[in-house]
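Naming convention: chains lettered A, B, ... in sequence-line order (proteins, then strands); numbering from 1 in each chain.
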Amino acid sequence: MKKRRNLILTLAALILFGGFLYYAQHTFNPYILRILNLCAVFTIFAVTFNLIFGYTGQFSLGHAGFAAVGAYVAALLTMSAAQKSANFFLKPIISPLANVEIPFLPALLLAGLFASVVGSLVAWPALRLRGDYLAIATLGFSEIIRILLVNLQPITNGALGLKGIPSYTNLYWSWGAALVCIFIIKSLINTSYGRAMSAIRDDEVAAEALGVSLFKHKMMAFAVSAFFVGVAGALMANLISTIDPKVFLFFLTYQIVGITVMGGMGSLTGSTIAAILYTVFLEALRPIESPFTIGPLNIPGIPGMRMVLFSILLLTVILFYRRGLMGTNEFSWDWLIGLFHRKDTALAAPTGGAEK
Amino acid sequence: MSLLKLDSLTKQFGGLTAVKEFSTGLEAGELCALIGPNGSGKTTIFNLITGIYTPTSGTVTFNGQDITGWRPDRITACGIARTFQNIRLFKGLNVLENVVVGKHLRLKSDPFSATFHLPNYRREDEAMFAEGLELLDSLGLSRLAYEAPTSLPYGEQRKLEIARALATDPKLLLLDEPAAGMSPTDSEELMVFITHILKTYKLTILLIEHQMRVVMGICPRIIAIDHGETIAEGTPEYIQNHPKVIEAYLGVADYA
């Protein structure tokens, strides 16, 4: 009964959300569209980070590296042969890659698969470590990936990066991927495997003594996470149409960690909301990086001011509001309806009702 | 043939020998206590049996199989479960889920069918929860099934840890100081509880305790150790009057 009602509500919300995407895609200007697309990309980043850290308790800082793998794979697979030869003017691209051009969907999936394989390869040795050591090791691996991108010139075009990647990414692709990602990760968390992951997060020794294979479950979290991070990287590459190794500096990972902490460790709803708020605010705050005056004070434009604000925000959250926006709570229809029953004040749903 | 056989187990941490040439056997259905003063190596022996430590030398044989140096989760899968001296419950899961995690190792469905909640997984999942509830019920914890484990009183947390270990369907249960921090009345009640599960679940139990009084009443066999070595083994009366045990606990009278 309740289940049926919730299913209908979810479907209705999805249709509404789809309608909104259709409307947005056809009426909004490219600037707004790009922000909305980035919202979806960062949602995937935050949700996947939450699976590894919030649910499985493994502090991994490899997200930028996995995203880079996905981005480069998709870029190289979707660019036309002519574009590639124009890009690789220092040294030609190795032959089998030069003429490959495949549609976006298989490119996305391959990007995800490739990132997942790389993620698993990184996790294999790194998962012997715990806590801070794992963080340092994964951070190191992420940097190795970036250095490889700079130096594997015949494949990645090195520091020059890739330009003219076809901009296939639109709202349907980006939000479609985000919804699939949220759905799959949410479903996974609600299974026995998800409970085993939470057990590992709470107490590794006890989990192992109860017969939970630490390696298998951590690996699973990494592989699933890295897959979607790869897809998000691919979406990003085909959105901004220019990528180079500098896009995937540690700073990207830092942003993702910040978003997830602000949203609440162990809440996918929190991650989604925080990712959207973060992306939108970052754009809205652009003016503070240009020169402005407050009364007699003349402030010159300082690039990076937004990041200062972001850091202060993150510090505030960590110091005063450690649970983040949502803590470990999730959006649910029961919660929303309960809210209406208690007081008849109209309250909007926090997101487009993407979560179940 | 004994269910568990320890053959000259030795564990060294650098220069310190925590367990030295420890050998014993446990028959199926037995309830045996391991006693000894603080730091005598009791928990180290548990960690050697359950695979948390790998012995420096010696072997652990369980059910006729050499399990020396196996990973803890594989050892649990073949039928040895344990509890911990300091309670280690999963704070992020409720009481029932804590128990159900113990059933995870018997799950047959693969992650894919689990994620998409395919019928074979749904059946298994429902069965896991039903069995978990049944187990909680038989231990008198079912009214707390949906509580957070941290909100439980101390004694109930101890019981929950035992319930969680039982969920793995063990043949051998290792209890590490189950009565630690309990009042004498509570620990006596716990001992009754332990004899109850011993019979109900057809278990073999090895339990650590360092207060001799607690185990005297229920354990027909007691092994006393000190400095990682067996100093006496036998009935409670025998242990109680054994000069080496008295020496280990009270020190030697020195009137010189």
request  = Would you mind listing every side chain to side chain donor-acceptor pair (under 3.5 Å) that reaches into residues 126-141 of chain B, with sequence neighbours excluded?
outcome  = B:Lys103-B:Glu131, B:Asp137-B:Ser142, B:Ser138-B:Tyr201

message = Whether A:Arg195 and A:Asp202 form a salt bridge (side-chain N of Lys/Arg under 4.0 Å from carboxylate O of Asp/Glu) is what I want to check.
response = no

Minimum-distance pair of heavy atoms, taken over all atoms of A:Phe331 and A:Met326 = N-CE, 4.4 Å

request  = Write out, in numerical order, the residues from residues 145-174 of chain B with a heavy atom short of 4.5 Å from a heavy atom in chain A.
outcome  = B:Arg164, B:Ala165, B:Thr168

query = What residue, out of A:Leu214, A:Leu188, A:Asp203, has the most heavy-atom pairs lying under 4.5 Å from chain B?
reply = A:Asp203

Residue A:Val224 versus chain B: region with a heavy atom under 4.5 Å = neither

ask   = Using the ring of each side chain (for Trp, its six-membered ring), is B:Phe13 parallel, tilted or perpendicular to B:Tyr53, with breaks at 30° and 60°?
value = perpendicular

inquiry  = Given heavy-atom pairs under 4.5 angstrom as the criterion, report whether the side chain, backbone, both or neither of B:Ser109 touches chain A.
reply    = backbone

ask   = Taking the six-membered ring for Trp, are A:His63 and A:Phe66 parallel (under 30°), tilted (30 to 60°) or perpendicular (over 60°)?
value = tilted

message = Run the ring pair (Phe, Tyr, Trp, His ring centres under 6.0 Å) test against A:Phe45 and tell me which residues pass, sequence neighbours left out.
response = A:Phe42

task = May I have all residue pairs that pass side chain to side chain donor-acceptor pair (under 3.5 Å) and include part of residues 115-131 of chain A, sequence neighbours excluded?
result = A:Arg130-A:Glu204

task = Using non-hydrogen atoms and a 4.5 Å limit, figure out which bit of B:Ala114 sits close to chain A: side chain, backbone, both or neither.
result = both

